[in-house]
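A short write-up of the structure that comes next.
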Amino acid sequence: MKNALIPALLAAAVSVPADGLYWQHLDPQPVPYTFGGLFSADTEFEGYGKTDTVEGFFSLNFEPVEGFLWGELELGLWAHAYGFIDNPDMEAVPEALLDASLNVAYAVRFDNGWAWRLSARPGVYSDPTAPAFGCPAGLSFFFTATDELSFEIGGTVRPGWDIPVIPNVGLKYRPSDLFEIELACPKSHAVLFPDHILSFFGTVEWRNATYALDDEDESMPDELTMDDVIATAGVSLRVLGRFAITGEIGTFLEREMSADVEKDNVVSLSKEPFVRVALTGVF
């Protein structure tokens, strides 16, 4: 009898709200797939040379599994590569950096508008010629005030990285089908005409990642951290209701690279403009 009572009480406590409240952070379906690239010309490494930089990215998200242990299970794949076209006269800089992970998240909602979400991204974060494993993990709490407004507070723990804990805080507000805004860290965005055939958007994002390097040479650093803040403006065009083509122009507001040599050598990178394009699936 006890074994049956506990699951029943949990199920009653963590079901989707009875009043049908819409959760701005949790209800939108994940983007099924995205792949694209970024190009920035003539990035100068302070005190060294310069090179063009490129990025490639890919994501694949599956439909959430509702009712999984009285919550929702999310699964996805993510890959991002950072490449240097030429070596800017720095021995420690590899040809490319890679982060590729399995994204797993489990969310539980309560009838009072609160929810929590536990996530993990086990994968490779390193020079692709010397793969190294990492597993950032996060915990966030959400409060849904109305169908249009919700809040998030939490953080992501990243053992062994340059910044071991980063915040996940902010609000998401969608007063109508014509406008949406999310003011948050590490990424904020605003969208005009979301989910329409033609959408216009802007983003500001802080990106920070630490990559393991080949440590066979003791004179070379074991890790390399890329840290930047970017701002973009873009447009998205839905095609046949199946996918969207997006294009952005942007600039780096802050940009630096650091390596774990002696006193953590930090090199500033020039704040060049860039273009980013992507093909994205839609529901």
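Every heavy atom of this structure was used, including side-chain atoms; hydrogens, water molecules and symmetry mates were not. Quick note: residue numbers are just sequence positions, from 1.
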Practice task
Take the angle between the ring planes of Trp78 and His80 and call it parallel below 30°, perpendicular above 60°, tilted in between.
Solution key: parallel
Exercise for the section: Answer with yes or no whether the side chains of Ser199 and Arg238 bring together a donor and an acceptor at under 3.5 Å. Expected result: no
Handout entry: Donor-acceptor side-chain pairing of His189 and Glu205 below 3.5 angstrom
Key = no
Handout entry: Val54 with Phe274, same ILVMFWY side-chain cluster at under 4.5 Å
Key = no
Practice task
Flag yes if more than 12 heavy atoms outside Lys50 fall under 6.0 Å of its NZ atom; otherwise flag no.
Solution key: no
Exercise for the section: Apply side chain to side chain contact (heavy atoms under 4.5 Å, CB included) to Gln24 and Leu171, showing your working. Expected result: CA-CA 9 Å; Gln24 287 293 334; Leu171 64 87; over 6 Å; no
Practice task
Verify, without hydrogens or angle tests, whether Ser101 (side chain) and Asn103 (backbone) share a donor-acceptor contact under 3.5 angstrom.
Solution key: no
Practice task
Could you tell me whether the side chain of Thr225 reaches within less than 4.5 Å of the side chain of Trp161, counting heavy atoms only?
Solution key: no
Exercise for the section: Flag yes if more than 12 heavy atoms outside Ile249 fall under 6.0 Å of its CD1 atom; otherwise flag no. Expected result: no
Exercise for the section: Determine the interplanar angle of the Phe142 and His25 rings, folded into 0 to 90°, and report it as parallel if under 30°, tilted if 30 to 60°, perpendicular if over 60°. Expected result: tilted
Problem - Val31 backbone acceptor or donor facing Asn61 side chain under 3.5 Å - result: yes
Completion exercise
For Ser126 and Ala132, the nearest pair of non-hydrogen atoms, with its separation, is OG-N, 3.0 Å
Handout entry: Note: Lys187-Glu182 ion pair, threshold 4.0 Å (strictly below)
Key = no
Completion exercise
In short, Leu253 meets Ala231 closest at the heavy-atom pair CD1-CB, 4.0 Å
Practice task
Find out whether the Lys NZ or Arg CZ of Arg109 is both under 6.0 angstrom from the six-membered ring centre of Trp23 and within 45° of the ring's axis.
Solution key: yes
Handout entry: Single-linkage hydrophobic cluster, 4.5 Å side-chain cutoff, Leu73 and Trp116 together
Key = yes
Handout entry: Heavy-atom pair of closest approach, residues Phe68 and Tyr106
Key = O-CE1, 3.2 Å
Exercise for the section: Please confirm whether the backbone N or O of Ile163 pairs with a side-chain atom of Arg158, one donor and one acceptor, at under 3.5 Å? Expected result: yes
Handout entry: Closest heavy-atom pair and its distance - Gly155, Asn168
Key = C-OD1, 3.2 Å
Practice task
Answer yes or no: does atom CD of Glu95 have more than 12 heavy-atom neighbours from other residues, nucleotides or ligands under 6.0 Å?
Solution key: no
Handout entry: Tyr82-Val266 co-clustered via ILVMFWY side chain contacts under 4.5 Å
Key = no
Practice task
For Phe57, enumerate each residue passing the ring pair (Phe, Tyr, Trp, His ring centres under 6.0 Å) test, keeping only those at least two apart in sequence or located in another chain.
Solution key: none
Problem - Closest non-hydrogen atom pair, Leu21 against Gly113 - result: CD2-CA, 4.4 Å
